[in-house]
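It should be emphasised that the depicted structure is a prediction, and the values quoted were computed from it without experimental measurement. For this chain, numbers begin at 1 and follow the sequence in order. Computed over heavy atoms, backbone and side chain alike; hydrogens, waters and symmetry mates excluded.
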Amino acid sequence: MAEKRILDMDDGVQLVADVDGPPEGPVVVLAHGGGQTRHSWSGAFRKLVEKGYRVINFDARGHGNSDWSADNKYPLSRRWTDLEAIIHQMAPNKSVAVVGASMGGGSALYGVSAGFRPSALILVDISPNAERAGMQRVVDFMKAGLGGFRSIDEAADAVAAYNHSRPRPKNVSGLKRNMRQSADGRWYWHWDPGMLDVNLDQERALMANTFWGLESAEGLPVLLVRGLNSDVVTDQTVEDFRARISSIEVADISGAGHMVAGDKNDAFNEAILRFLKRHMPPSSA
């Protein structure tokens, strides 16, 4: 059974994480995307534990059950500092792989540029050269929900309108894990609106600079998992990525969009487990 942990950051912010799996197993850190919570990894979390990995699944600052920043600012450098602290606190001197979706993957890429060398890195529909139009569409979707929703069903309609890769579920109760209800009864996404106070072009420039970190991280196994319906990581994105980093591996997930793990969870799990088994098998612990 997963253990809930409270992790202290250097600025007083506390992050919430679920931890499970054999203590001697190699560590996999799951870093969710912007606007999500650790619950977006539920299927992958269970499967990784089942296969013998020690898994750390955390809510990023400003998301889910973790604290918000006092200044409501969430720069890429801060997101990496948090990820680094989690690894130092929870997995010192151990083999560590990071599975990062969108925002979480960007945080890990920033860390690689700062000298971080995981045993394996899995980027989920994010790359240093992610498409601006796709990223803008994500931001627009998040901004559209700032006023909240009258019901969970209304929120589910908004998700379905954004994500055509995933049929709208008949039972929308699971969406509550990503939402909070105010005193007036309206439902809001479970993240700090300050997340959206970011210059997208500056953010993309910082991400583009992470190419240099990947180029200097010789021998780092990197897997890019992308949804074939995604407008954030397109065919051109992959071609340009490979032109810079020829060693990357790519797993194309048919029928999935930007939210790959939620759209096609079985195919996603199979892709990351196959990669991890080659580069960081549980028997190596």
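Asp8 and Gln14 share a donor-acceptor pair across their side chains, judged by distance under 3.5 Å alone. Side-chain contact check for Asp192 and Asn72: at least one donor-acceptor pair (N or O, by modelled atom type) lies under 3.5 Å. Side-chain contact of Asn171 with Ser173: a donor-acceptor pair under 3.5 Å is present, judged by distance alone. Looking at Asp140 and Gln136, their side chains do bring a donor and an acceptor atom within 3.5 Å of each other.
Interatomic distance, CG of Leu30 versus CG of Asp18, reported as 10.0 Å (0.5 Å rounding). Here the CE atom belonging to Met207 is positioned 12.0 Å from the OH atom belonging to Tyr110, to the nearest 0.5 angstrom. For the atom pair CG of Asn265 and OG of Ser42, the computed distance is 8.5 Å after rounding to the nearest 0.5 Å. To the nearest 0.5 Å, atoms CG (Leu121) and CG (Leu223) are separated by 9.0 Å. Leu48 CG to Asp20 CG: the interatomic distance, rounded to the nearest 0.5 Å, is 11.0 Å. To the nearest 0.5 Å, atoms CG (Asp82) and CG (Leu15) are separated by 5.0 Å.
Between the side chain of Ser66 and the backbone N or O of Gly62, no donor-acceptor pair lies under 3.5 Å. With hydrogens and angles disregarded, no donor-acceptor distance shorter than 3.5 Å links the side chain of Gln36 to the backbone of Ser40. Looking at Lys94, its side chain does come within 3.5 Å of a backbone N or O of Gly25 through a donor-acceptor pair. Judged purely by atom type and a 3.5 angstrom limit, Arg54 uses its side chain to pair as donor or acceptor with the backbone of Gly21. In this structure a side-chain-to-backbone donor-acceptor pair under 3.5 Å is present from Ser107 to Met103. Tyr53 contributes a side-chain N or O that, together with a main-chain N or O of Met280, makes up a donor-acceptor pair within less than 3.5 Å. Proximity of a side-chain donor or acceptor of His32 to a complementary backbone N or O of Ala60 within less than 3.5 Å is detected. Here the side chain of Arg180 pairs no donor or acceptor atom with the backbone of Trp187 at under 3.5 angstrom. Of the possible polar contacts, one joining the Thr37 side chain to the His39 backbone as a donor-acceptor pair under 3.5 Å is found.
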Residues Val19, Asn57; criterion side chain to side chain contact (heavy atoms under 4.5 Å, CB included); working and verdict: CA-CA 6 Å; Val19 185; Asn57 183 21; over 6 Å; no

Test side chain to side chain contact (heavy atoms under 4.5 Å, CB included) applied to Val232 and Glu131, step by step: CA-CA 5 Å; Val232 175; Glu131 300 290 340; 5.7 Å; no

Stepwise side chain to side chain contact (heavy atoms under 4.5 Å, CB included) test for Lys73 and Arg78: CA-CA 9 Å; Lys73 303 293 184 184; Arg78 178 71 254 186; over 6 Å; no

Intermediate values then yes/no, side-chain hydrogen bond (donor to acceptor under 3.5 Å, both in side chains), Glu203 and Asn199: CA-CA 6 Å; Glu203 189 88 351; Asn199 184 305; over 6 Å; no

Worked check of salt bridge (Lys or Arg N to Asp or Glu O under 4.0 Å) between Asp201 and Arg132: CA-CA 8 Å; Asp201 291 315; Arg132 192 190 192 287; 2.8 Å; yes

Derivation of the side-chain hydrogen bond (donor to acceptor under 3.5 Å, both in side chains) call for Arg38 and Asn65: CA-CA 9 Å; Arg38 69 191 192 278; Asn65 298 123; 3.0 Å; yes

side-chain hydrogen bond (donor to acceptor under 3.5 Å, both in side chains) between Asn129 and Thr237, intermediate numbers included: CA-CA 6 Å; Asn129 58 328; Thr237 312; 5.2 Å; no

Stepwise side chain to side chain contact (heavy atoms under 4.5 Å, CB included) test for Leu224 and Val238: CA-CA 9 Å; Leu224 171 61; Val238 174; 4.1 Å; yes

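Residue Ala156 comes nearest to Val172 through the heavy atom pair CB-CG1, 3.6 Å, listed as atom of the first residue, atom of the second, then distance. Counting all heavy atoms, side chain and backbone alike, Asp125 lies closest to Ser230 at OD2-OG, 2.5 Å. What you find for Ser102 and Gly33 is that their closest heavy atoms are CB-CA, 4.2 Å. Across all non-hydrogen atoms, the minimal contact from Leu146 to Pro193 is CD2-CB, 3.8 Å. Heavy-atom minimum distance, Ala251 versus Ala271: CB-CB, 3.9 Å.
Side-chain heavy atoms closer than 4.5 Å link hydrophobic residues (I, L, V, M, F, W, Y) into clusters, and following such links, even through other members, never connects Val225 to Ile126. Ile245 and Trp212 are not part of a single hydrophobic cluster, where members link through side-chain heavy atoms under 4.5 Å apart. Hydrophobic clustering places Leu220 together with Val96 (ILVMFWY residues linked when any side-chain heavy atoms are closer than 4.5 Å, directly or through intermediates). Hydrophobic clustering (side-chain heavy atoms under 4.5 Å, transitive across Ile, Leu, Val, Met, Phe, Trp, Tyr) keeps Met135 apart from Leu228. Met259 and Trp41 are members of different hydrophobic clusters when ILVMFWY side chains are connected at heavy-atom separations under 4.5 Å.
Ring centroids of His63 and His190 are separated by 6.0 Å or more, keeping the two rings apart. Remark: aromatic rings of Phe241 and Phe211 are close, center separation under 6.0 Å. Between Tyr74 and Trp68, the distance separating the two ring centers is not shorter than 6.0 angstrom.
Proximity of Trp189 to Met142: side-chain heavy atoms (C-beta onward) are nowhere separated by under 4.5 Å. You'll find the side chain of Ile56 reaches within 4.5 Å of the side chain of Ile86, heavy atoms only. Met9 has its side chain within reach of Leu7: a pair of non-hydrogen atoms, C-beta onward, lies under 4.5 Å apart. Side-chain contact check for Leu276 versus Ile122: some heavy-atom pair is nearer than 4.5 Å. Proximity of Val98 to Phe116: side-chain heavy atoms (C-beta onward) are separated by under 4.5 Å at one or more points. Within the 4.5 Å cutoff, side-chain heavy atoms of Val250 are placed close to those of Asp252. Under the 4.5 Å side-chain criterion, counting only non-hydrogen atoms from C-beta, Asp235 is in contact with Arg226. Residues Arg137 and Asp231 are in side-chain contact: their nearest non-hydrogen atoms beyond the backbone lie under 4.5 Å apart.
The environment of NZ in Lys51 is sparse: at most 12 heavy-atom neighbours from other residues, nucleotides or ligands sit within 6.0 Å. Environment of CG in Asn93: sparse, with no more than 12 heavy atoms of neighbouring residues, nucleotides or ligands closer than 6.0 Å. Within a 6.0 Å radius of CD in Glu218, no more than 12 heavy atoms belonging to other residues, nucleotides or ligands are found.
Ion pairing of Arg46 with Glu50 is absent here, as no side-chain N (NZ or NE/NH1/NH2) approaches a carboxylate O to less than 4.0 Å. Between Glu249 and Arg278 there is a salt bridge, since at least one side-chain N of the basic residue sits less than 4.0 Å from a carboxylate O of the acidic one. A salt bridge links Arg168 and Asp153; the closest N-O separation between the charged side-chain nitrogens and carboxylate oxygens is under 4.0 Å.
The cationic group of Arg61 does not satisfy the cation-pi geometry with Trp191, failing either the under 6.0 Å distance to the six-membered ring centre or the 45° limit from the ring axis.
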